[in-house]
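Everything on this sheet refers to the single structure shown next.
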Amino acid sequence: MTVRTRFAPSPTGYLHVGGARTALFSWLYARKHGGTFILRIEDTDLERSSAESVDAILQGMTWLGLEYDEGPFYQTQRFPRYKEVIQDMLKAGQAYHCFCSKERLEQLRSEQMARKEKPRYDGKCRHGVANPPADVSPVVRFKNPLDGAVTVEDLIRGRVVFQSSELDDLIIARGDGTPTYNFTVVVDDMDMNITHVIRGDDHLNNTPRQMNMLKALGRTPPVYAHVPMILGADGARLSKRHGAVSVMQYRDDGFLPEALLNYLVRLGWSHGDQEIFSIDEMVKLFDVTQVHSSAAAFNPEKLLWLNQHYIKNSDPKHIAHHLSYHLGKFGIDPTSGPDLLEVIQVQRERAKTLVEMAQNSVFFYKDFEAYDTKDAASHLKPEAEKPLILLRERLTALSLWEAQAIHEAVAGVAEALGLKLGKIAQPVRVAIAGRAVSPPIDVTLALVGRDKTLKRLDAALEYIRNQTVVA
RNA sequence: GCUCCCAUCGUCUAGUGGCCUAGGACGCUGGCCUCUCACGCCGGUAACAGGGGUUCGAAUCCCCUUGGGAGCGCCA
């Protein structure tokens, strides 16, 4: 039997980290077992579903690299099929029309709550309705078995038993004939021959009902694996309005997709003490049965650390691809300055995100507007004038514009004036980068280029003289 | 309220009855390195929720308590 897994989001918002993690787990499971990964869009809630959300989800999946083998399938395009199954079930006596009004159901619910009972449908219409009111279009309910128990052999939770008496006759078709979630899931998982359902554990309580429907339809239920929710930093469940940001937001914040994936796979799962997993390693080592059954809190600092790790260790060409996007946001065309790969080489150890790296690299490509106020105040002072003038001379005289020679020139000036290297490097840094932070001064100047370096040195000297006059 | 799930450092986790005076990672922190910022290196901080059992022996098994989470929709 070939493994077939699916990710089935409802398009009522973007793809957030929780969804991304269950998608990743499903994807890994399929990849590991040489199976098929299916994407299914559960858009039966016409009110809340939107095409923009579908696009956002697809975009998120693409950015993460979770490619699907089949789909996306849309439930809204399968309505005829759902209707057909509903008719079959009605005919077989496995489902029935219910004419109970919403008001009655609401009252029933509050009465049960008042009696400290679990609210559920009382089965009023289960055995037929003598005089069906002509003015109400009935819903269709599934006839749940009255006794016995349903056992879920969950890959993560182990055995979970539900008494049938806890389950009521759920609605499978609304008054307008459209099918409801628990029913479409069953039909789709059946029709798509899903073998392993890996989903959030908020669905664990739905599972026995889905299994009962599957049984009524004469099918063996798939294997289930309910993965725990992700909690926010405060321990509360991560939700769209509570810290669960879109995966695309992580792209815009300068994260690499592999960093997010690595972070997500380690949330609730581990392989000894290993922290870093390439995609191939994940596929090889990930085992859904070893996923923790307890919820895990999302820790932004660790994600940041992983991102930094991937920035430091990935192929510069790969970084360049993602960094270009962020450079573009700063209005920079990476081909208009020093070789981007060389810039990455010198910046990769000093950035936790690509946004940070882009920000710190702007000065290589564009002249800055103004010096950092504090840095200029502490480094572009009158005493810096002499060393800068001397350095300018030596740099001008350099026959070869490369880091080694530049380093010797800077060190030479320091020595000639009896200064520590920092006394000259810092003013130069502010002059060239606009602030007191940059890669080593020699490689920085080498990359900025002689013309720009000399021009910025002149600007700095002028700045110092003006300050002096004012003072 | 009822049903279901869960419980090791602040966080992610190792641990599946003796290897545990509980290991790793992030964070925080002391030091080294140093032209800035970083990187790196060395060190430190900090946990088995509580109580009962079972056992020669329990973080590991059982029960209770407490604490978290989910579900109980003509939402998905």
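Proteins come first, then strands; the chains are lettered A, B, ... in the order of their sequence lines, and each starts at number 1.
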Quick check on the 6.0 Å ring-centre criterion: do A:Tyr181 and A:His203 meet it?
yes
Taken to the nearest whole Å, CG/A:Asn299 to P/B:G10 is 13 Å
| Under 4.0 angstrom, heavy atoms only, what part of the nucleic acid is A:Arg48 near: base, sugar-phosphate, or nothing? | base
note: A:His292, atom NE2; B:G15, atom P; distance rounded to Å ~ 8 Å
(Q) Under a plain distance cut-off of 3.5 Å, with no hydrogens placed, do A:Asn262 and A:Tyr310 share a side-chain donor-acceptor pair? (A) yes
Checking B:C12, B:G40, B:U3 against the side chain of A:Ala297 (C-beta onward), the nearest is B:C12
Requested in this report: Considering only atom C1', compute the distance from B:C72 to B:A14 and round it to an integer number of Å.
Outcome: 37 Å
Winner on side-chain proximity to A:Ile171, out of B:U11, B:C74, B:C6, is B:C74
In Watson-Crick or G-U wobble terms, with both distances under 3.5 Å, the base opposite B:A49 is B:U65
note: A:Lys302, atom NZ; B:U13, atom P; distance rounded to Å ~ 9 Å
Expected label for B:C32 (glycosidic angle, syn inside 90° of 0, else anti) would be anti
As its Watson-Crick or G-U partner within any shown strand, both distances under 3.5 Å, B:G57 has none
Any side-chain to backbone donor/acceptor pair from A:Glu402 onto A:Ala405? Under 3.5 Å, distance only.
yes
Here the distance between atom C1' of B:C12 and atom NE2 of A:His271, to the nearest Å, is 17 Å
- prompt: According to the interplanar angle, ranging from 0 to 90°, do the rings of A:Trp269 and A:Phe277 count as parallel (below 30°), tilted (30 to 60°) or perpendicular (above 60°)?
  reply: tilted
Exercise. B:A76 phosphate, OP1 or OP2: any side-chain N/O from A:Thr184 under 4.0 angstrom?
Worked result: no
Quick note, A:Ala425 side chain, CB onward, closest among B:A38, B:U3, B:C35 is B:C35
Hey, does the side-chain of A:Arg350 have a donor or acceptor N/O within less than 3.5 Å of a partner on the base of B:C37? yes
What is the nucleic acid contact for A:Ile441, judged by heavy atoms within less than 4.0 Å: base, sugar-phosphate only, or nothing?
base
Mate of B:A25 across any strand shown (Watson-Crick or G-U wobble, both atom pairs under 3.5 Å) is B:U11
- prompt: How is A:Glu42 classified with respect to the nucleic acid when contacts are heavy atoms under 4.0 Å: base, sugar-phosphate, or nothing?
  reply: sugar-phosphate
B:G24 base / A:Glu275 side chain donor-acceptor hit below 3.5 Å: yes
Open item on the list: Please classify the nucleic acid contact of A:His203 as base, sugar-phosphate, or nothing, using heavy-atom distances under 4.0 Å.
Closed with: base
From CD of A:Glu301 across to P of B:G27 the rounded distance in Å is 8 Å
Describe the nucleic acid contact of A:Lys423 in one word from base, sugar-phosphate, nothing, applying a heavy-atom distance below 4.0 Å.
nothing
The nucleotide from B:A14, B:U36, B:C6 with an atom nearest the side chain of A:Arg157 is B:C6
Across every strand shown, the nucleotide meeting Watson-Crick or G-U wobble geometry with B:U16 (both distances under 3.5 Å) is none
Residue pair A:Ser294/A:Leu421 against RNA chain B: nearer the 5' end by closest nucleotide is A:Ser294
Winner on side-chain proximity to A:Trp305, out of B:A76, B:C74, B:G27, is B:G27
- prompt: With a 4.0 Å cut-off on heavy atoms, is A:Lys118 in touch with a base, just the backbone sugar-phosphate, or nothing at all?
  reply: base
Whole-Å distance, A:Arg266 CZ to B:A25 P, equals 11 Å
- Taking OP1 and OP2 of B:C2, is either one under 4.0 Å from a side-chain nitrogen or oxygen of A:Gln112? no
Quick one: the side chain of A:Asp273 and the base of B:G23, do they pair up donor-acceptor inside 3.5 Å? yes
Practice item. Could you label the plane-to-plane angle of the A:Tyr463 and A:Tyr371 rings as parallel, tilted or perpendicular, counting under 30° as parallel and over 60° as perpendicular? Key: perpendicular
pair_partner(B:G40), Watson-Crick or wobble, both distances < 3.5 Å, evaluates to B:C32
Practice item. Using only heavy-atom distances, determine whether the side chains of A:Gln107 and A:Glu103 contain a donor-acceptor pair under 3.5 Å. Key: no
Item to check | Between B:G23 and B:C19 - C1' atom distance, rounded Å | outcome: 12 Å
Aromatic A:Phe142 / basic A:Arg209 pairing, under 6.0 angstrom, 45° off normal | no
(message) Taking only side-chain N and O atoms of A:Ser270, does any of them lie within less than 4.0 angstrom of OP1 or OP2 on B:A14?
(response) yes
Checking N1-N3 plus N6-O4 or O6-N4 for Watson-Crick, or N1-O2 and O6-N3 for wobble, each under 3.5 Å, the partner of B:G1 is B:C72
* Asked: Distance between the P atoms of B:G67 and B:A49, in whole angstroms?
  -> 16 Å
Looking only at atom C1', what distance separates B:G57 and B:G17, rounded to whole Å? 8 Å
Taking B:C35, B:C72, B:U13 as options, the one with an atom nearest any side-chain atom of A:Pro119 is B:C72
Which of B:G69, B:C6, B:A38 is nearest the side chain of A:Met229? It is B:G69
- prompt: Contact class for A:Val160 vs. all strands (heavy atom < 4.0 Å): base, sugar-phosphate, or nothing?
  reply: sugar-phosphate
When rounded to whole Å, the CD to P distance for the pair A:Glu166 and B:C5 reads 12 Å
Query raised in the report: With a non-hydrogen cut-off below 4.0 angstrom, is A:Asp43 in contact with a base, only sugar-phosphate, or nothing?
Result: nothing
**Prompt:** Rounding to the closest angstrom, what is the interatomic distance between B:G15 and B:C5 at atom C1'?
**Reply:** 22 Å
- Query: Cut-off 3.5 Å, side chains only: do A:Asn360 and A:Arg435 have a donor facing an acceptor?
  - Reply: yes
Contact class for A:Pro439 vs. all strands (heavy atom < 4.0 Å): base, sugar-phosphate, or nothing? base
Contact class for A:Ser293 vs. all strands (heavy atom < 4.0 Å): base, sugar-phosphate, or nothing?
sugar-phosphate
On the 0 to 90° scale, with breaks at 30° and 60°, tag the A:His226-A:Tyr224 ring pair as parallel, tilted or perpendicular.
parallel
**Prompt:** Is A:Arg429 side chain donor-acceptor paired with the B:C35 base, going by distance under 3.5 Å alone?
**Reply:** yes
Separation between CG (A:Asn299) and CD1 (A:Ile230), nearest 0.5 Å, reads 12.0 Å
Open item on the list: Considering every strand and a 4.0 Å limit on heavy-atom distances, what is the contact class for A:Ala436: base, sugar-phosphate, or nothing?
Closed with: base
Per atom distances to the A:Phe162 side chain, the nearest of B:G71, B:C74, B:C4 is B:C4
Between NE2 of A:His226 and P of B:C5 the distance, given in whole Å, is 12 Å
Classify the nucleic acid contact of A:Thr44 as base, sugar-phosphate or nothing, counting any heavy atom under 4.0 Å across all strands shown. sugar-phosphate
